[in-house]
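Just below is one structure, and these are the notes that go with it.
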Amino acid sequence: MSDTVRRDSAAPFTTTVLGTARIGPRRELKRAVESYWGGRIDRTELAEVAQRLRGEQWAELTEAGHDSVPVNTFSYYDQVLDTSVLLGALPSRFAEIDDPLDRYFAAARGTADVTPLEMTKWFDTNYHYLVPEIGPDTSFSLNPEKVLAEVAEAKELGVPARPVIVGPVTFLALSKAVDGASAPLDRLDELVPLYRDLLTLLAEAGVEWVQLDEPVLVTDVAADLGPRAESVYDALGTHAQRPAIAVATYFGDPGDRLTYLARTPIEAVAVDLVEGSVETVAGTPGLADKLLIAGVVDGRNVWRTDLDQAAATLATVLGSARSIAVSTSCSTLHVPYSLDAENELDTDLRGWLAFAAEKFREVAVLSSALHEGRVVQAAAFAASTMALASRATDPRLHNDEVRTRLAAISDADATRGTAEQRRVAQQERLGLPPLPTTTIGSYPQTSAIRLARAALRSGEIDRAEYENRMKAEIADVVALQESIGLDVLVHGEPERNDMVQYFAEQFDGYFATANGWVQSYGSRCVRPPILYGDVSRTAPMTVDWITYAQTLTDKPVKGMLTGPVTILAWSFVRNDQPLSTSADQIALAIRDETVDLEAAGVGIIQVDEPALRELLPLRDADKPGYLEWAVRAFRIATSGVRDDTQIHTHLCYSEFGEVIGAIADLDADVTSIEAARSHMEVLDDLDEAGFRNAVGPGVYDIHSPRVPQQDEIYTALSSALSSVGAGRLWVNPDCGLKTRETPEVVESLTNMVAAATRLRGTIS
Ligand code: GLN
Ligand code: ZN
């Protein structure tokens, strides 16, 4: 069979990663893309930056000794959007935009005329992808230009290129059916010929290996993923002219899906052996004639690999496959580039860590130990053992006071008065009008804020001057909100670089990186702090800012905090204790802050949990346990206050379906929730989950620069009003405003307040 011929022509590789970041070690791509959007550079300059970043990353991998290098993991915005383009699946509303790059960015960000694709979290990570829309009229067609160009570019540089493409099962499973279309997965058969054509083109371009990413195979999003994957990869595997195929699963254990894959004629599978188990591999007989890409180096957390343990894992799976390649568990998209950019880390801490560049080397060390013998790498193994011992015995990991407090938590600490008691007490205290208007917390990060932050960092100004400048910002934002006529004001969060980092930096048990940026969505990057020890709050963190803002207005000012689950989700977490323990520790620290805010006279406190959905385990069996500890942590954080103190929460960035019951269980008095991009569907879902507290469905999309008109907000609000009724409806945008510009914010909020006022007139 031609199968055998191919296998011999594509030699198995030994050392690789499943993918890499693309934003650039110094966020070069972010700057370039934003400059392009702002008209400050042209597309040639943008392309040059992109090409240079790709080349540098490939060079780093080949220099580290990798003999197969992922390409096409570069993206100007998002790899799922790239796949929608590849498969010709962009919705027809973008068809009028002739220029491919303009069309691409329009699909990502919207324009004055078209709304962008929805955005949601990529599995259980903090990366967001653009959700493909599959309607009854969607027809697929192949647009392979990007992948072929990147392959050619890599070949030119002599890179052993392995193009990476989102696989058809994952692509459709992550898609959303629109306009009454049936489940996108039912259209798998239509995609198969396109992938076959693509394989032919890649083979013609001299590609030896292609990687098709199927992380959806570690989830339970559909019952028949195994059989579906088998039929797709049978069809692709029996295609005559193609490179060798590696199907990559990651972010968890593929379980019996691996058996389905192993039955097909593909040449390799990648398995996440950090989150998955060696038993699954050992229990899959069909791997005996395949290359197993063993993901033993954690691609998404920052801890240095225990080389002994990883080598032992490799030894266990050695007999299960025809050959083994050592790899990261997933793409290193989710970790910072390199420890080289960290100059301020204490040497102990530094020794405990491995960012992407260090992981590239760990993979190479493990591969060399596996294929050439461990003695060759004796020094690296010794260093790993020492670093691990240093971490395990560091006194900063344990705080007895925190442990004692944690052990004493009871159900009473997670319970408030009934919703009705609270509603009455709060109405009495706050006296808000029906359909109260508010915002989610942040206002535009002005250049004054950025300059002040930079000046503080460089020592040009001192702390006191910095605080004066932040207060000036707060005063501006309060005045702005008063002039727009909002009912519940915020201080605008100018002092926060990031809603998680700001708190983490003030907690014991955390440290921050100087340059540990990772892509969150598009050009947006975050710098997750690293949680390494027991967490405690050392002093009030937000009280001064909120009380200052409150002195400037008679309207109530909301206190703003980030919830325990979100703090955890947007941190690199310790891997030496259960997440639930870390969550409770953070919950207690946030609880201390809510109590202090209340004592300072703050009547409304918002505890944001936008990441509640993100940490949801990928397997159904693990979900209830997670939701239980997540909800409890939020309730511990918010139940230390009186009934007349109004607790708000905010959720965004996701399909809420599976966590809707948990949102109700949070029992916040007011929940603001992203709904603009998902068209208010969420309200009916909340209602079905028995949610009866107040809710503010986002009435316009802040992720796009487009200014919503009063009429469209009015329409959205009217439909919300018919779902939830006047007594429970709040009016707000769907998320914080910090990524927007002040003029568009003023216009949008003015339209929002006008729409609310108009609607208010119809109800009393
Ligand atoms: N309070 C935060 C803000 O307005 C919430 C951000 C978020 O939900 N991601 O920026
Ligand atoms: Zn939000």
Side-chain angles (χ1 to χ4, degrees), residues 118-121 125-128 437-446 449 473-474 477 480-481 486 488-504 520-522 524-528 541-542 545-546 549 557-571 590 593-594 597 602 604-615 634 637-638 647-656 659 663 666 668 670-678 682 695-704 730 732-742 745 748-749 752:
E118 273 181 35
M119 189 161 61
T120 199
K121 301 266 182 184
T125 75
N126 183 28
Y127 176 81
H128 307 69
T437 54
T438 191
T439 50
I440 306 304
S442 59
Y443 273 72
Q445 289 268 320
T446 61
I449 297 174
E473 287 293 325
I474 292 174
V477 165
L480 186 75
Q481 294 171 87
L486 289 150
V488 171
L489 310 195
V490 294
H491 78 295
E493 305 179 20
E495 80 289 7
R496 301 183 193 177
N497 36 7
D498 172 272
M499 64 186 287
V500 166
Q501 206 181 330
Y502 177 77
F503 293 96
S520 172
Y521 65 88
R524 195 154 158 68
C525 298
V526 292
R527 195 154 47 98
M541 305 175 287
T542 64
W545 300 115
I546 308 302
V557 177
K558 273 195 281 196
M560 284 294 152
L561 303 174
T562 304
V565 176
T566 300
I567 292 184
L568 214 51
W570 296 352
S571 302
I590 295 296
E593 190 72 12
T594 58
L597 283 169
V602 176
I604 306 181
I605 303 170
Q606 178 170 312
V607 179
D608 292 326
E609 281 294 21
L612 182 68
R613 169 68 180 75
E614 172 183 327
L615 283 192
F634 179 87
T638 52
I647 295 290
H648 289 214
T649 189
H650 167 70
L651 296 106
C652 56
Y653 293 152
S654 47
E655 288 289 334
F656 296 106
V659 300
I663 295 175
L666 295 177
V670 181
T671 299
S672 66
I673 190 161
E674 176 180 3
R677 259 179 145 172
S678 45
V682 69
V695 57
V699 293
Y700 77 88
D701 176 17
I702 66 87
H703 301 96
S704 142
W730 281 64
N732 45 259
D734 72 354
C735 197
L737 302 167
K738 78 179 203 192
T739 57
R740 302 269 61 95
E741 305 284 341
T742 303
V745 162
S748 303
L749 292 179
M752 184 185 88

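We count ligands from 1, going down the list as the structure has it; atoms in each ligand are counted the same way. Because the structure is a prediction, the values reported are computed rather than measured.
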| message | Using a 4.0 Å cut-off to any heavy atom of G441, which atoms of ligand 1 qualify? | response | 4 (O)

| task | Output yes when the distance from some N or O of ligand 1 to some N or O of W570 is under 3.5 Å, and no in every other case. | result | no

| task | With heavy atoms under 4.0 Å as the rule, classify the contact between S442 and ligand 1 as side chain, backbone, both or neither. | result | both

| request: Number the atoms of ligand 1 from 1 as they appear, then name those within less than 4.0 Å of a heavy atom of C735, with their elements. | output: 7 (C), 8 (O), 9 (N)

| said: Closer than 3.5 angstrom, by distance alone: can the side chain of H128 be matched with the main-chain N or O of S520 as a donor-acceptor pair? | reply: yes

| task | Answer yes or no: is there a donor N or O on one side and an acceptor on the other, between the side chain of E741 and the main chain of P444, under 3.5 Å? | result | no

| Can you list the atoms of ligand 1 that are under 4.0 Å from a heavy atom of G736? | 3 (C), 4 (O), 10 (O)

| Which one holds for K738 and ligand 1: side chain close, backbone close, both close, or neither close, with close meaning a heavy atom under 4.0 Å? | neither

| said: Given 3.5 Å as the limit, does a donor-acceptor pair link the side chain of K738 with the main chain of G441, or not? | reply: no

| query | Quick one: are R613 and K121 in side-chain contact, heavy atoms under 4.5 Å? | reply | no

| Who pairs with S442 by side-chain hydrogen bond (donor to acceptor under 3.5 Å, both in side chains), at least two apart in sequence or on another chain? | none

| query | Got a sec, which residues hit side-chain hydrogen bond (donor to acceptor under 3.5 Å, both in side chains) with R740, two or more places apart in sequence or on another chain? | reply | E744

| Going by the atom numbers of ligand 1, which of them fall below 4.0 Å from some non-hydrogen atom of E493? | 1 (N), 2 (C), 3 (C), 4 (O), 10 (O)

| field | Heavy-atom nearest neighbour of atom 6 (C) of ligand 1 within options Q606, K558, M499, E609 | value | M499

